[in-house]
Amino acid sequence: MAQSGLSKPAPEPGATPNLPDYERACREFTWSAAEAELGGPANMAEAAVDRHALGAKAGQVALRFLSPERPPLDLTFGDLKGLTNRFANVITTLGVLKGERVFALLGRVPELYIAALGTLKRRAVFCPLFSAFGPEPVRTRLGLGEARVLVTTPSLYRRKVAPIRAQLPELQFVLLVGREEAGPGTLALDSLLHAASDTYSIGPTHPDDPALLHFTSGTTGTPKGALHVHQALVAHYATAKLALDLHPDDLFWCTADPGWVTGTSYGILAPLAHGITSLVDEAEFDAPRWLDILATQGVSVWYTAPTAIRMLMKAGTDLVRSRTYPRLRFLASVGEPLNPEAVLWGKEAFGRPFHDNWWQTETGGIMVANYAAMEIRPGSMGKPLPGVEAAIVVPDAEGHLVEAPPGQEGELALRPGWPSMFRGYWNDPDRYFKCFRDGWYLSGDLARRDADGYYWFVARKDDVIKTSGHLVGPFEVESVLMEHPAVAEAAVIGKPDPVAFERVKAFVSLKDGFTAGEALLEELLGFGRKRLGAAVAPKEIAIVDRLPRTRSGKILRRLLKARELGLPEGDTSTLEA
C-alpha cells in the first residue's frame, strides 16, 4: 500500500526544477548525453576547473572558505587553475607517476582542495583521510594504499604520522601546509608551490584511468579501498543536477568533510563541474554559526547529514526561526536514512523539507533520491536516478537472485554500468567480486519498494533483528522513538534472548531540558509499545549522553552491540572523537 507523502514546495522564481518529469527523464536520459554536457571525456580536474577558467567564468568565485579565525578567502576558477597547476608541477618534480597515490590528511582548508585537483591533473590517484584519525588508522590506510606522497599540517604530522613513519617505507614525501618543515623527510608546501610554474599540460586521460581511492570500514577485516575513475565525474555532474537540483546561479554548501566520499564527490567535484560557487566552512558544527552562514552567505542549496539536522532540531526551532534565509530553496541530506520527523521538521523550521537520498562509497554518487519536483514521502529514500537501474532482489528456490514484488523486503541491488561505480577494492579483487551476483551489484542494504516505486530503507543486512519470529528493522523503531519530545537521537540493536532469540534494545540521547530517570524510561517504553506494538517495540531502553557515530554522521549500531555484549569492537577508526 502506497504511503502518503508531503506535497512539494512551490519552486522559487527562476529555479524551475531540473527534473520536472521523472518518468520522461528515465526514458530519455543517457550517460553519454551527460558526458557531452561536460565537453566529452576528460580529466576530472580539467572538466571541473580548467573548462571554466579558460572561459567566461574565469573570474567567478569557485570556492569560498570561511573560518572563525580569519576573514573569508575567495578562490576564483582562474585562481584555482593556477594553484592546482602549481601542485601538479610540484608532484611531477618529485617524480610522482600516473596511478601513484597521493594522500591528504587535512581539515577543510584550501590546500586540501588544491592537492586533490592538482593530483588529478597529474593523473595520480587522490586519497583523502579524516583529519580526526589517530596514528593507527592513518598507518593502516597509508600502508594499504601504498602512499607515495602525504599532504598534511605540521601539527597533524607530529601527532599522527611521525610516530608511525618508519612503518611506511613507500611514503617518500610528506608535504606540510605552510612554510614550516618538521624534521627530515618533510617539505614545506608553500615554498614548493611558490617555486612551481602555474602552467601545466594535462596528459591524455582515459575515462577508466584511476582517479580516487576512498577507504570505507567493513564490519570485519581491514578497511576497504574503493577505487573510482575519471569518468565518475559524469555521475557527480548529472546527479548534482538532477538530485540536488543545482542551477548556474546557486551558492552551494556541502557540509561533509572531504575525508568522506560525499565531501569529495559533492563538496569538491560536482559543484565545480557545474561552474557554481561552493562554500567551505573550516569549523566543526555549531548550531548558531551554521544558521548564520545559511542566512548571511546566501546559501541556496544545502547538502548536509542527518546528525547535523538532529542537532539543529535539538537546538530548537526558535533558534532557526530567529534568522531568515532568503535564498535557501533546496535542502538535502545523506549519510544514513533520515527519520520522517526530521524531514517534516525542515518544513516547520526552514519552510522547506529535507530531501533524503541514498548512495554508498562504492557507488561514488547519488543513486536514489527525493527530487525537487516530486512528492516527498517522509522516511523514504526516494526513487532511482535516471540512468540507474535498481531493484529489490531475493533468492529464488534455486538460489538465484530475482526481483521481489512491491512491499517485500530484500537486498537493494543496482545494475552495474553507471560511471561512478567503483572499479575495485584496492589490492583485494576477491572482496570486490563478492559484491556482484547474477548481474547485480549488491549493496548490503535491506530495503523495500512500494507500489509507486519509492524505496524504503530497512537496515543493513547484519543489523536486522529477529525477535519471536518477527524481523524488525532498527530504523523503523528509531524513527518512532525520535517522535517522542524528549528524544534527540536513537539507535537500536538486537540483544540475545533465551526465549525470543533476540530482543530489541534501544539507546537514546535526550534533548536539552529533559532529565534521565525511571519515570522517563517507563514513559519511553510505553510510548514504543503504543506506537509499534509489543512484538516490535524495544524491551529495554538505555539513556546515554551520546551515541557513537562516524565522522560522516552514521550511528554505529554494531559498536553499541559489541559494547553491550562484550565483543571485539572491530574497526573504530572512523569514530567521531
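- To the nearest 0.5 Å, atoms OG (Ser300) and CG (Leu246) are separated by 8.0 Å.
- Taking 4.5 Å as the limit, every side-chain heavy atom of His214 sits out of range of all side-chain heavy atoms of Trp260.
- Listed for the Asp245 side chain is a donor-acceptor partner under 3.5 Å among the backbone atoms of Asn18.
- Here the straight-line distance linking atom CZ of Arg549 with atom OG1 of Thr307 works out to 4.5 Å at 0.5 Å rounding.
- The shortest heavy-atom contact between Leu338 and Phe475 is O-CZ, 3.7 Å.
- A pairwise comparison of heavy atoms in Ala486 and Phe514 identifies CB-CD2, 3.4 Å as the closest pair.
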- Task: Assess whether side chain to side chain contact (heavy atoms under 4.5 Å, CB included) is satisfied between Leu269 and Leu212, documenting all intermediate values.
- Result: CA-CA 11 Å; Leu269 293 166; Leu212 302 168; 4.0 Å; yes

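- At a threshold of 4.5 Å between non-hydrogen side-chain atoms, the residues Val301 and Arg329 count as touching.
- Cation-pi contact between Arg415 and Trp440: present, with separation from the ring centre below 6.0 Å and deviation from the ring axis of at most 45°.
- Judged by distance alone, the side chain of Asp450 and the main-chain N or O of Asp452 form a donor-acceptor pair under 3.5 Å.
- Without hydrogens or angle criteria, Glu411 side chain to Gly444 main chain gives a donor-acceptor distance under 3.5 Å.
- Atom CG of Leu481 is separated from atom CD of Glu478 by 8.0 Å, given to the nearest 0.5 angstrom.
- Lys539 places none of its side-chain heavy atoms less than 4.5 Å from the side chain of Arg529.
- Among residues two or more places apart in sequence or in another chain, the side-chain contact (heavy atoms from CB on, under 4.5 Å) test is passed with Lys383 by Tyr22, Glu23, Tyr371, Met374, Tyr454.
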- Task: Under the side chain to side chain contact (heavy atoms under 4.5 Å, CB included) rule, what do Leu66 and Gln297 come out as? Steps first, then yes or no, please.
- Result: CA-CA 10 Å; Leu66 304 179; Gln297 292 294 323; 4.0 Å; yes

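- When atom types are taken as modelled, the side chain of Ser67 and the backbone of Glu69 share a donor-acceptor pair closer than 3.5 angstrom.
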- Message: Walk me through whether Phe350 and Leu291 qualify under side chain to side chain contact (heavy atoms under 4.5 Å, CB included).
- Response: CA-CA 10 Å; Phe350 292 99; Leu291 295 172; 3.9 Å; yes

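- Between Arg327 and Asp249 the shortest heavy-atom distance is NH2-O, 2.8 Å.
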- Verdict with supporting geometry, Asp281 and Arg108, salt bridge (charged side-chain N to carboxylate O under 4.0 Å, His left out): CA-CA 7 Å; Asp281 183 29; Arg108 292 180 291 272; 5.8 Å; no

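- Note that OG1 of Thr277 is 9.5 Å distant from CG of Leu279, once rounded to the nearest 0.5 Å.
- Scanning both residues, Leu560 and Leu547, for their nearest heavy atoms gives CD1-CD2, 4.3 Å.
- Between the side chains of Tyr266 and Thr239, at least one donor-acceptor pair of N or O atoms lies under 3.5 Å.
- Of all the heavy atoms in Leu233 and Ala273, the pair that sits closest is CD1-CB, 4.1 Å.
- The side-chain contact (heavy atoms from CB on, under 4.5 Å) search around Thr304 returns Thr255, Trp290, Trp302, Ala308, Ile309, Phe354, not counting sequence neighbours.
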- Let me see the working for Tyr432 and Leu227 under side chain to side chain contact (heavy atoms under 4.5 Å, CB included), right down to the final yes or no. CA-CA 10 Å; Tyr432 177 70; Leu227 185 66; over 6 Å; no

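- Listed for the His247 side chain is a donor-acceptor partner under 3.5 Å among the backbone atoms of Thr16.
- Proximity of His236 to His228: side-chain heavy atoms (C-beta onward) are nowhere separated by under 4.5 Å.
- A side-chain contact (heavy atoms from CB on, under 4.5 Å) with Trp359 holds for exactly one of Val368, Val261, Leu385; it is Val261.
- Note on ring orientation: taking the six-membered ring where Trp is involved, the planes of His274 and Tyr237 are parallel (angle under 30°, cut-offs 30° and 60°).
- Here the CZ atom belonging to Phe507 is positioned 4.5 Å from the CD atom belonging to Glu564, to the nearest 0.5 angstrom.
- Checking side-chain atoms of Ser380 against main-chain N and O of Trp456 turns up no donor-acceptor pair under 3.5 Å.
- Here Arg448 contributes atom CZ and Glu409 contributes atom CD; the two are 7.0 Å apart, rounded to the nearest 0.5 Å.
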- Query: How far apart are the C-alpha atoms of Glu489 and Lys314, what are their side-chain angles, what is the distance that settles it, and do they pass the salt bridge (charged side-chain N to carboxylate O under 4.0 Å, His left out) test?
  - Reply: CA-CA 9 Å; Glu489 289 190 306; Lys314 187 174 182 179; over 6 Å; no

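- With hydrogens and angles ignored, the 3.5 Å screen pairs no side-chain donor or acceptor of Asn357 with any backbone N or O of Val334.
- You'll find the side chain of Trp253 stays beyond 4.5 Å of the side chain of Leu328, heavy atoms only.
- Tyr455 has its side chain within reach of Ile392: a pair of non-hydrogen atoms, C-beta onward, lies under 4.5 Å apart.
- Looking at Asp257, its side chain does come within 3.5 Å of a backbone N or O of Gly259 through a donor-acceptor pair.
- The shortest heavy-atom contact between Ala283 and Arg289 is CB-NE, 3.7 Å.
- Formation of a donor-acceptor pair under 3.5 Å by the Ser509 side chain with backbone atoms of Ala488 is not found in this model.
- Asp445 places a side-chain heavy atom less than 4.5 Å from the side chain of Gln360.
- Using a 4.5 Å heavy-atom cutoff, the side chains of Met367 and Leu412 are not in contact.
- In this structure, the side chain of Ser278 does not engage the main chain of Leu63 through any donor-acceptor pair within 3.5 Å.
- Qualifying side-chain contact (heavy atoms from CB on, under 4.5 Å) partners for Ala211, counting only residues two or more places apart in sequence or in other chains: Met44, Leu120, His230.
- A salt bridge links Glu502 with Lys561: the distance from a Lys NZ or Arg NE/NH1/NH2 to an Asp or Glu carboxylate oxygen falls below 4.0 Å.
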